[in-house]
Amino acid sequence: MIIAVSGTPGAGKTTVSRILSERLGYEYVSIKDFALAKGIGERVGDEIEIDVDELSRAIEREFSGKNVVIDGHLSHLVSADVVIVLRLHPRIVAERLNFRGYSRKKLAENVEAELVDVILVEAIEENENVIEVDTTGKTPEEVVSEILSLLEKGVKRRVGIVDWSHAYDDVVQYLMLGGD
Ligand SMILES: Nc1ncnc2c1ncn2[C@@H]1O[C@H](COP(=O)(O)OP(=O)(O)OP(=O)(O)O)[C@@H](O)[C@H]1O
């Protein structure tokens, strides 16, 4: 089974994917490292541009029929048996990315994306089986236990569990709202 773990930067994808893969005995795959190893990603400045169709084909070739947890904010765009979308209150996204030293623009883009569900919407457009998990106030172990419990119960789709519209006032200071 291919489990993709996606979410806004800072939501905890890598932390959760590593624990999840250990608990399940699945291989852990960083989508960025995989893409670069296959010559799919191209470094443009400090960003990596990845052809998603090529990446999706390579993932299918390499992992079809295998048990893997694929970690990365593009993983919801490749075909997976289930996509886990990690959600995190936008204010905490801002705090984590601020701590990492993200530029004001990059921070605003990502806080905005979390606020309006960008990854979730993209995941639903690409995959039928999408499970959203709110990680706010939970330890990574608690998040993994929640994922495992949902998978064990056979839940294939659980979306629409968070609404960050009430968080707008909390994060408006970080937003650029289309300006520079
Ligand atoms: N549930 C959690 N509770 C508290 N801190 C967490 C939690 N999950 C992750 N963190 C911390 O938040 C930071 C970001 O986590 P992580 O690198 O796993 O996020 P990510 O979504 O993979 O980010 P990126 O997309 O940039 O790779 C790390 O410092 C990590 O230790």
Side-chain angles (χ1 to χ4, degrees), residues 2-24 26-38 40-52 55-56 59 68-78 80 82-124 126-127 130-151 158-159 161-162 164 167 170-171 174:
I2 298 179
I3 302 176
V5 178
S6 194
T8 303
K13 296 178 293 292
T14 301
T15 312
V16 164
S17 297
R18 285 199 179 280
I19 302 171
L20 184 64
S21 64
E22 271 169 33
R23 293 275 300 271
L24 287 167
Y26 283 20
E27 186 183 343
Y28 165 86
V29 176
S30 150
I31 205 159
K32 193 169 81 185
D33 293 349
F34 174 79
L36 288 173
K38 295 287 170 191
I40 298 169
E42 207 179 303
R43 285 191 189 276
V44 178
D46 61 352
E47 304 276 328
I48 294 167
E49 269 181 20
I50 290 175
D51 179 329
V52 175
L55 177 65
S56 199
I59 296 261
V68 284
V69 175
I70 300 181
D71 158 29
H73 82 283
L74 291 175
S75 68
H76 61 285
L77 300 176
V78 305
V82 61
V83 179
I84 309 291
V85 178
L86 299 182
R87 305 304 305 272
L88 179 63
H89 190 290
R91 184 174 37 79
I92 309 189
V93 171
E95 286 167 8
R96 284 197 193 157
L97 299 183
N98 203 16
F99 182 73
R100 278 189 192 174
Y102 269 39
S103 69
R104 170 144 168 64
K105 185 162 178 275
K106 238 177 126 182
L107 195 145
E109 276 168 12
N110 287 300
V111 172
E112 242 170 86
E114 180 62 32
L115 195 62
V116 300
D117 311 325
V118 168
I119 302 263
L120 176 69
V121 171
E122 288 178 1
I124 291 169
E126 288 301 321
N127 280 280
V130 177
I131 297 178
E132 208 184 355
V133 177
D134 184 8
T135 68
T136 312
K138 296 172 190 161
T139 65
E141 287 76 14
E142 283 170 340
V143 172
V144 170
S145 295
E146 187 172 332
I147 296 169
L148 288 173
S149 154
L150 290 164
L151 294 177
R158 185 185 75 165
V159 297
I161 64 159
V162 301
W164 298 140
D170 274 354
V171 295
Y174 299 108

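Note that the structure is a prediction, hence the values are computed from the model and not measured. In each ligand, atom 1 is the first atom listed, and ligand 1 is the first ligand listed. Reckoned from all heavy atoms, side chains included, excluding hydrogens, waters and symmetry mates.
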Strictly below 4.0 Å, N to O, side chains only: are K105 and E109 in salt-bridge contact?
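Salt bridge flag = yes for E109 with K105.
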
Under 3.5 Å, is there a donor-acceptor pair between the N110 and T8 side chains?
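The criterion, which ignores hydrogens and geometry beyond distance, is not satisfied for T8 and N110.
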
Not counting sequence neighbours, which residues clear side-chain hydrogen bond (donor to acceptor under 3.5 Å, both in side chains) with R23? List them please.
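Scan of R23 (side-chain hydrogen bond (donor to acceptor under 3.5 Å, both in side chains), adjacent residues dropped) gives none.
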
What residues, two or more places apart in sequence or in another chain, satisfy side chain to side chain contact (heavy atoms under 4.5 Å, CB included) together with A35?
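For A35 the side chain to side chain contact (heavy atoms under 4.5 Å, CB included) partners, ignoring immediate neighbours, are I40, I50, L55.
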
Non-hydrogen atoms closer than 4.0 Å to ligand 1: which protein residues do they belong to? List them by chain and number, please.
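Those residues closer than 4.0 Å to ligand 1 by some heavy atom are T8, P9, G10, A11, G12, K13, T14, T15, R96, R100, K138, T139, P140.
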
Validation row: I131, V82 side chains within 4.5 angstrom (heavy atoms)
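Answer yes - side chains close enough.
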
Do any pairs count as a salt bridge (Lys or Arg N to Asp or Glu O under 4.0 Å) and have a residue in residues 136-151, sequence neighbours left out, and if so which ones?
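Checked against salt bridge (Lys or Arg N to Asp or Glu O under 4.0 Å) - neighbours excluded - the pairs reaching residues 136-151 are K138-E146, E146-R158.
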
